[in-house]
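Inspection log for the structure reproduced underneath, given as structure tokens.
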Amino acid sequence: MNENNLENISNESPENVQEEPMATINETGEEKTQSSNSKKKKTTIFVCIGVLVVLLIGLAVWYFAFKTPNKNVYETAIQKAFAEVKETLEDAKQTSIKANFAEDVIFNEGTLQLGTDVPELEGLNQYAFDYELGLDAKNESANLYLGLVNDSSDTTVLDGKLYVMNDTLYMESGKIFEGLLSTPVDFVMEMPSTTVSYDTLIKIVDTTESAILKFVRESTITTSNTEKTIDGQAKKVTDHAFVVNGEVLKRLVTEVTNSYINDASLLSEMALLFQMSEEELKANLEELQKDENYEDMGEVTFHIYTEGFQNTIVAFTLEESDVEVITGTVNGDDFKATMESEGTSLTISKTKEEVAINIQSDGSSVAIGYNKVSATEGTITLIIQDGESGTRMNGTLNISSQKESDTIANTTMTGSVIMEADGQSIELTVNMQNRMSVNEKELADIDTNSARDASTLTEEESNAILTNLYNILMNEEAILEILGYASGSM
């Protein structure tokens with residue numbers, strides 16, 4: 001900087017002075033400005049951010065690889081299982097009505113219609129069965145009505161009414177015999193004396209889940225790396241092994257039962273549900289904790305197999321004496337478990353669409369499935385295969401339930417059954433409308449004084465009843481066709 005520059009600066013007013021960047025001299029005599037320092041600061045910030053990101057990634061990897069306890073794998077499995085139970089209870093809660101079977105008057109009534117694709121049995125399509133069942137357990141009474149209706153002529157072909165009261169069965173059918181017949185019966189109606197509370201059931205499930213999770217967190221679970229064949233593919237997995245013997249099971253049962261005992265409100269609700277006093281229920285629960293219940297128990301080992309840093313569950317087994325008693329695979333929320341013993345296998349599977357049970361033994365099989373459409377709708381499937389004769393039955397039943405109120409529910413069931421044998425097949429269809437009500441009406445009040453003891457009927461009177469029944473059936477052409485086909489196929 002020369003003297004002229006200094007003079008120029010001194011002559012300028014402060015407002016007109018523009019500051020020059022300050023300069024420093026490095027070892028080579030080159031100047032570095034503040035802009036150079038600014039670049040350094042930015043570079044340092046980027047380096048710090050990069051290091052922080054690497055640390056966070058490292059922490060995540062360390063957490064999932066090493067800090068996710070083995071117990072968390074079991075906790076995940078337990079929580080998923082209990083979530084399924086609670087979802088089922090919530091669905092049932094939406095479709096169930098409030099009924100105390102020991103105190104209330106319950107009616108089930110509706111219509112059942114069957115059909116078929118067999119030409120010789122097509123007459124079956126024009127008939128329907130009406131029914132009504134009334135129960136009054138408090139007074140040990142019941143009513144039953146059955147009627148065969150010809151839809152084509154809109155007439156009741158045959159009907160009958162049964163009444164139970166005072167240890168006597170009364171029978172009435174104006175089309176077959178006149179008046180009221182009676183016969184003594186030993187009729188005892190033992191019904192639950194409480195309304196099923198789904199809130200209580202869900203509370204029991206929640207308490208049980210919490211107790212089991214606490215037990216698992218306090219238990220010893222070992223891990224090891226291994227290779228396992230899953231769905232035909234060899235995979236490198238982590239084995240989370242949990243050994244259960246009598247002592248361990250006793251700890252689990254004690255943990256669960258104490259969770260009930262120590263919750264006064266829950267214990268009271270459970271006593272009401274199981275129809276016993278709180279003292280009796282507590283005594284029964286404490287009985288389960290005694291050592292002698294577990295002294296002779298062997299040792300079993302649960303294995304849960306996981307993949308990856310996040311311990312994704314892919315398979316599980318239950319071993320007894322180094323033999324896999326139960327094997328299972330897991331794919332997300334879907335699973336399949338199989339148990340085999342002495343030539344018989346039981347497989348339970350669940351997908352997002354269906355829960356299924358399959359039993360196989362000596363070439364024969366039974367498969368039952370349920371496809372949930374919603375909380376109030378679903379489809380049941382049934383397949384039965386006889387390995388020896390080749391006979392096969394395949395059925396489907398669609399169920400829909402709707403509540404009118406807390407005391408009235410309507411259910412519709414439609415479906416079909418296909419039976420195959422000896423190269424022939426028959427399809428039967430079913431359509432059922434059912435209505436269940438609580439305390440909506442009373443059982444029929446009949447005059448029992450006019451009843452006649454059925455044992456006093458003469459032979460002539462008994463024959464007359466059979467003749468009336470025969471004539472009614474023979475006047476129905478469709479029934480004759482059905483009876484003729486049935487006799488010819490036997």
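All heavy atoms count here, side chains included; hydrogens, waters and symmetry mates do not.
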Gap between atom [atom2] of [Y] and atom [atom1] of [X] - 0.5 Å precision:
X	Y	atom1	atom2	answer
Asn371	Thr396	CG	OG1	10.5 Å
Gln94	Leu89	CD	CG	12.0 Å
Lys138	Asn100	NZ	CG	9.5 Å
Lys290	Lys250	NZ	NZ	11.5 Å
Asp130	Glu109	CG	CD	10.0 Å
Ile212	Leu252	CD1	CG	5.5 Å

Is [Y] close to [X] at the side-chain level, that is, under 4.5 Å between some pair of heavy atoms?
X	Y	result
Asp159	Tyr145	yes
Leu181	Leu457	yes
Asn150	Gln126	yes
Lys161	Met171	no
Leu397	Ile399	yes
Ser437	Glu404	no
Leu169	Tyr163	no
Thr448	Ile446	yes

Of all the heavy-atom pairs spanning [X] and [Y], show the shortest one and how long it is.
X	Y	value
Asn125	Gly115	OD1-CA, 2.8 Å
Met436	Asn434	N-ND2, 4.1 Å
Gln433	Asn431	NE2-OD1, 3.2 Å
Val118	Ile426	CG2-CG2, 3.6 Å
Leu281	Met276	CA-SD, 3.5 Å
Ile97	Ser405	CG2-O, 3.9 Å

Just by distance, no angles: are the side chains of [X] and [Y] close enough, under 3.5 Å, to form a donor-acceptor pair?
X	Y	result
Thr347	Thr338	yes
Thr351	Asp334	no
Thr95	Ser401	no

Would you find a donor on one side and an acceptor on the other, under 3.5 Å apart, between the side chain of [X] and the backbone of [Y]?
X	Y	answer
Asp263	Ser265	yes
Ser219	Arg217	no
Lys403	Ser96	yes
Asp386	Arg392	no
Asn410	Arg435	no
Asp91	Ala375	no
Asn143	Ala444	yes

Are the charged groups of [X] and [Y] less than 4.0 angstrom apart, N to O?
X	Y	result
Arg452	Glu461	yes
Lys372	Glu353	no
Lys93	Asp199	yes
Glu218	Arg251	no
Lys86	Glu209	yes

Any residue meeting salt bridge (charged side-chain N to carboxylate O under 4.0 Å, His left out) with Lys80, in chain and number order, not counting sequence neighbours: Asp333
Does atom [atom1] of [X] have more than 12 heavy-atom neighbours, drawn from other residues, nucleotides or ligands, at distances under 6.0 Å?
X	atom1	answer
Lys441	NZ	yes
Glu178	CD	no
Lys350	NZ	yes
Asp445	CG	no
Glu442	CD	no
Glu342	CD	no
Asn262	CG	yes

side-chain hydrogen bond (donor to acceptor under 3.5 Å, both in side chains) between Gln289 and Thr257, intermediate numbers included: CA-CA 8 Å; Gln289 300 177 6; Thr257 51; 2.7 Å; yes
Derivation of the side-chain contact (heavy atoms from CB on, under 4.5 Å) call for Met419 and Leu428: CA-CA 8 Å; Met419 292 177 287; Leu428 295 175; 3.8 Å; yes
Audit row: Thr327, Glu324, side-chain hydrogen bond (donor to acceptor under 3.5 Å, both in side chains) steps and yes/no: CA-CA 7 Å; Thr327 60; Glu324 292 185 347; 5.4 Å; no
Candidate pair Val430 and Gln113, rule side-chain contact (heavy atoms from CB on, under 4.5 Å), full reasoning: CA-CA 6 Å; Val430 59; Gln113 189 164 19; over 6 Å; no
Residues Thr456, Asp453; criterion side-chain hydrogen bond (donor to acceptor under 3.5 Å, both in side chains); working and verdict: CA-CA 6 Å; Thr456 65; Asp453 191 331; 5.5 Å; no
Within 45° cone of Tyr305 ring axis and under 6.0 Å: Lys228 NZ or CZ: yes
Verdict with reasoning, Phe107 to Glu132, per side-chain contact (heavy atoms from CB on, under 4.5 Å): CA-CA 7 Å; Phe107 269 89; Glu132 181 182 77; 3.8 Å; yes
Verdict with reasoning, Asn139 to Asp136, per side-chain hydrogen bond (donor to acceptor under 3.5 Å, both in side chains): CA-CA 6 Å; Asn139 296 306; Asp136 183 357; 2.8 Å; yes
Test log, rule side-chain contact (heavy atoms from CB on, under 4.5 Å), inputs Asn358 and Val366: CA-CA 6 Å; Asn358 190 299; Val366 177; over 6 Å; no
Phe242-Tyr74 aromatic ring centre distance below 6.0 Å: yes
Qualifying residue for side chain to side chain contact (heavy atoms under 4.5 Å, CB included) with Leu318, from Val300, Val244, Thr301: Val300
